[in-house]
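Residue numbering restarts at 1 for every chain, and letters A, B, ... go by the order of the sequence lines.
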Protein chains: 2
Amino acid sequence: MSEIPFSLDQLRILKAIAEEGSFKKAADSLFVSQPAISLQIQNLEKQLSVPLFDRGGRKAQLTEAGSLLLAYGEKIITLCQETCRALEDLQNLQGGTLIVGASQTTGTYLLPRMIGLFHQKYPYVSVQLQVHSTRRTSWAVANGQVDLAIIGGEVPSELQDVLQIIPYAEDELALILPPNHPLAEKETISKEDLYNLQYITLDSQSTIRKVIDQILTRCQINTNELKVGMELNSIEAIKNAVQSGLGAAFVSVTAIEKELKMGILRRVHIQDVEIKRILSVIVNSNRYRSKAAEAFIKEILPQFASEQFLPELEKLSKNNKQFLDKQVEIKDN
Amino acid sequence: MSEIPFSLDQLRILKAIAEEGSFKKAADSLFVSQPAISLQIQNLEKQLSVPLFDRGGRKAQLTEAGSLLLAYGEKIITLCQETCRALEDLQNLQGGTLIVGASQTTGTYLLPRMIGLFHQKYPYVSVQLQVHSTRRTSWAVANGQVDLAIIGGEVPSELQDVLQIIPYAEDELALILPPNHPLAEKETISKEDLYNLQYITLDSQSTIRKVIDQILTRCQINTNELKVGMELNSIEAIKNAVQSGLGAAFVSVTAIEKELKMGILRRVHIQDVEIKRILSVIVNSNRYRSKAAEAFIKEILPQFASEQFLPELEKLSKNNKQFLDKQVEIKDN
DNA sequence: TAGATATATAATTAATTCTTATCTAAAGTC
DNA sequence: GACTTTAGATAAGAATTAATTATATATCTA
């Protein structure tokens, strides 16, 4: 299927001859011997079955076919050089795309800040954020549709050995109430008070819901007896609902900074209970990470990590699928 | 200066892998062994210092750099194929340009008919006609600016061994008069009558003028005593001037066909004198002739040639600068 | 016609790029 | 979970390709 009857080198030689005016000078400009040029052009003429130069005179003259090939050849060479530049830009973070995945909470409150920082540093890299369920996000990383993701739940078991999962930060979940709620007066409420509240939650399949159930259960709270009044599918919607007095909710503290400051939501602590979950970074361990992903991991993630997890993170940024190592080996030869 | 760190073959391999989904299948589709593919891609990755595929899974996955290179590679390959097609079209007379030179008379009356025929046969070849003096036309052929030319005069001596000059046809020059001229009544006039006419001619440097002088001198006519009333620089202008009664003129019979038929000009013969010149085809013997020039020589020229010159013309069409001969030699091996 | 310059040719050597054979690792099978 | 299948990597040798040096030929210049 469609052999190409010339090589890039031959086109470069053709161009050099046209520019320099003779085989000899072209040979000098390309730092090869003159017969090398002669042979390459002869081969080219043989392969194309058409003469490209009229020799003999003091300078080699292009035939019509030669001019035609030269014109196309210059276009081709230019395109090749453009290709090189695009690849270099990609390596220098002057281009390319970084795709980051996240689940609801992190995608809404944490990642936009990270991406903002990254964008400031590397304005020519276009960044995409994909907010989906933990499950879908994990698969996206596994399939390579997403470079890395930050999630707050468990990675599906079938992906646990494909993905590298690095505990990254703690996310504290707060119980929020409307300011005018009777219990909102208190700093801390008892576990029993929990049974007297109406809850607004994400749907029962969501990771954050499962995490909360898990932790409360561990604190001897029967989650089945907590009254769920409403299930919404966005954290912003839940906050608004709570603010409007429709009930209470568990949300990440990162999601309510502004509202607490403005006094439109109240946070109450629960006696002897701390609801924390671990956020994790996930990457595909079988996949080479782009320069952009590398930079994001090395330069942005640490700024938001809990100190205790920093060493792990550092290890990650050194473990890109073996390639650069090999490069060094080869260069030594 | 600007080495290109990949080859067309490598791009074709990259494309094949992307299309077939695996190194193995790409190898099969390109009819080479699998290691050949592996090695080429490894070299490519080394040269670009960036991995192009994530291996290991059931199918090879492109990295971001791989996709980028693939996208450019496809453009490059397409352009190469376009180049091939353009070259083929040139060979098949489905494209390209033929540039024909001529001097005044042939350029005005003979070549337009030839070019018309050629264009009917090869509508995709664009034909240019350049009408200049014999001298300038000869140089244009020598320099390769013109593929071939038909001239009616002598080729400058310094070009006689660069150019191939093939006598091609006879051009008869006629003496024309306005219909109402006293001598226009006669079929034939005497040499002496010539001295009683006023002549309208091209400028004294023109070839046709020199040819006429030469022939008349040979017939014992003293050209210095012929009265030149007007020098014009176009044959059409001369015809109009004669028609208007401003004098007599010598012009090619091919230039007055229409006017004689319409009776607006009269031709008179001269006792015992025939003014004929030989038209010649000139080509550059050191130069490879394009397929289009070849076709023009082989298929168009014979239709207008004097029979006596046909053998020479045939020889010419077999003598393109040795190239196809070589091809055959090589194919035998 | 001699000298300089440009391209072609030939023989040799160097480099590259295949191929075959073998090996490793992952994925699907029973 | 051992077994087969499949994809890709690796190594060694063969084949091809492309370079080099040396030399020949032809053209332009003086």
Got a list of side-chain donor-acceptor pairs under 3.5 Å for residues 151-164 of chain B, not counting sequence neighbours?
| residue | atom | partner | partner atom | Å |
| --- | --- | --- | --- | --- |
| B/Gln160 | NE2 | B/Val155 | O | 3.0 |

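- Under a 3.5 Å cut-off, the side chain of B/Tyr168 and the backbone N or O of B/Leu313 do not form any donor-acceptor pair.
- A straight line from CD of A/Glu45 to P of C/dT7 spans 12 Å, rounded to a whole angstrom.
- If you measure from atom CD of B/Glu20 to atom C1' of D/dG8, you get 16 Å, rounded to the nearest angstrom.
- Taking atom CG of residue B/Asp161 and atom C1' of nucleotide D/dT27, one finds them 12 Å apart after rounding to whole Å.
- Rounded to an integer number of Å, the gap from B/Lys24 NZ to C/dA27 P is 19 Å.
- Taking 4.5 Å as the limit, every side-chain heavy atom of B/Lys15 sits out of range of all side-chain heavy atoms of B/Leu11.
- Within the structure, salt bridge (Lys or Arg N to Asp or Glu O under 4.0 Å) contacts touching residues 21-44 of chain B (residues at least two apart or in different chains) are B/Lys24-B/Asp28.
- Not one side-chain nitrogen or oxygen of A/Gln42 sits closer than 4.0 Å to the OP1 or OP2 atom of C/dT7.
- The residue A/Gln34 sits close to a base: some heavy atom pair falls under 4.0 Å.
- Remark: A/Phe23 engages A/Phe53 in a ring-ring contact (aromatic ring centres under 6.0 Å, His included) (not counting sequence neighbours).
- For the OP1/OP2 pair of D/dA9 and a distance below 4.0 Å, the side-chain nitrogens and oxygens of B/Arg55 include at least one atom meeting the criterion.
- A/Asp54 places its CG atom 11 Å from the P atom of C/dA8, with the value rounded to the nearest Å.
- Comparing D/dG8, C/dT7, D/dT20 by their nearest atom to the side chain of A/Ala60 picks out C/dT7.
- In this structure, the CG atom of B/Leu39 is 13 Å from the P atom of D/dG8, given to the nearest Å.
- A/Glu158 has its CD atom 18 Å from the C1' atom of C/dA26, to the nearest Å.
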Which atom pairs, one a donor and one an acceptor, fall under 3.5 Å between side chains of residues 68-77 of chain B and the rest of the protein, sequence neighbours left out?
none

Under 3.5 Å, sequence neighbours excluded: what are the donor-acceptor pairs made by side chains of residues 125-139 of chain B?
| residue | atom | partner | partner atom | Å |
| --- | --- | --- | --- | --- |
| B/Ser133 | OG | B/Arg136 | N | 3.1 |
| B/Thr134 | OG1 | B/Thr207 | OG1 | 3.0 |
| B/Thr137 | OG1 | B/His132 | O | 3.4 |
| B/Thr137 | OG1 | B/Ser133 | O | 2.8 |
| B/Ser138 | OG | B/Thr134 | O | 2.7 |

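- The overall bend of the helix from C/dT1-D/dA30 to C/dC30-D/dG1, read as the angle between its terminal helix axes built from five base pairs each, is 30° when rounded to 10 degrees.
- Between B/Leu30 atom CG and C/dT19 atom P the separation is 11 Å, expressed in whole Å.
- Taking the side chain of B/Pro35 as heavy atoms from C-beta on, and the options C/dT9, D/dG8, C/dA21, the nearest nucleotide is C/dA21.
- An OP1 or OP2 oxygen of C/dT7 is reached within less than 4.0 angstrom by no side-chain nitrogen or oxygen of A/Ser38.
- Between A/Ser22 and the phosphate of C/dT5, there is no side-chain N or O to OP1/OP2 separation shorter than 4.0 Å.
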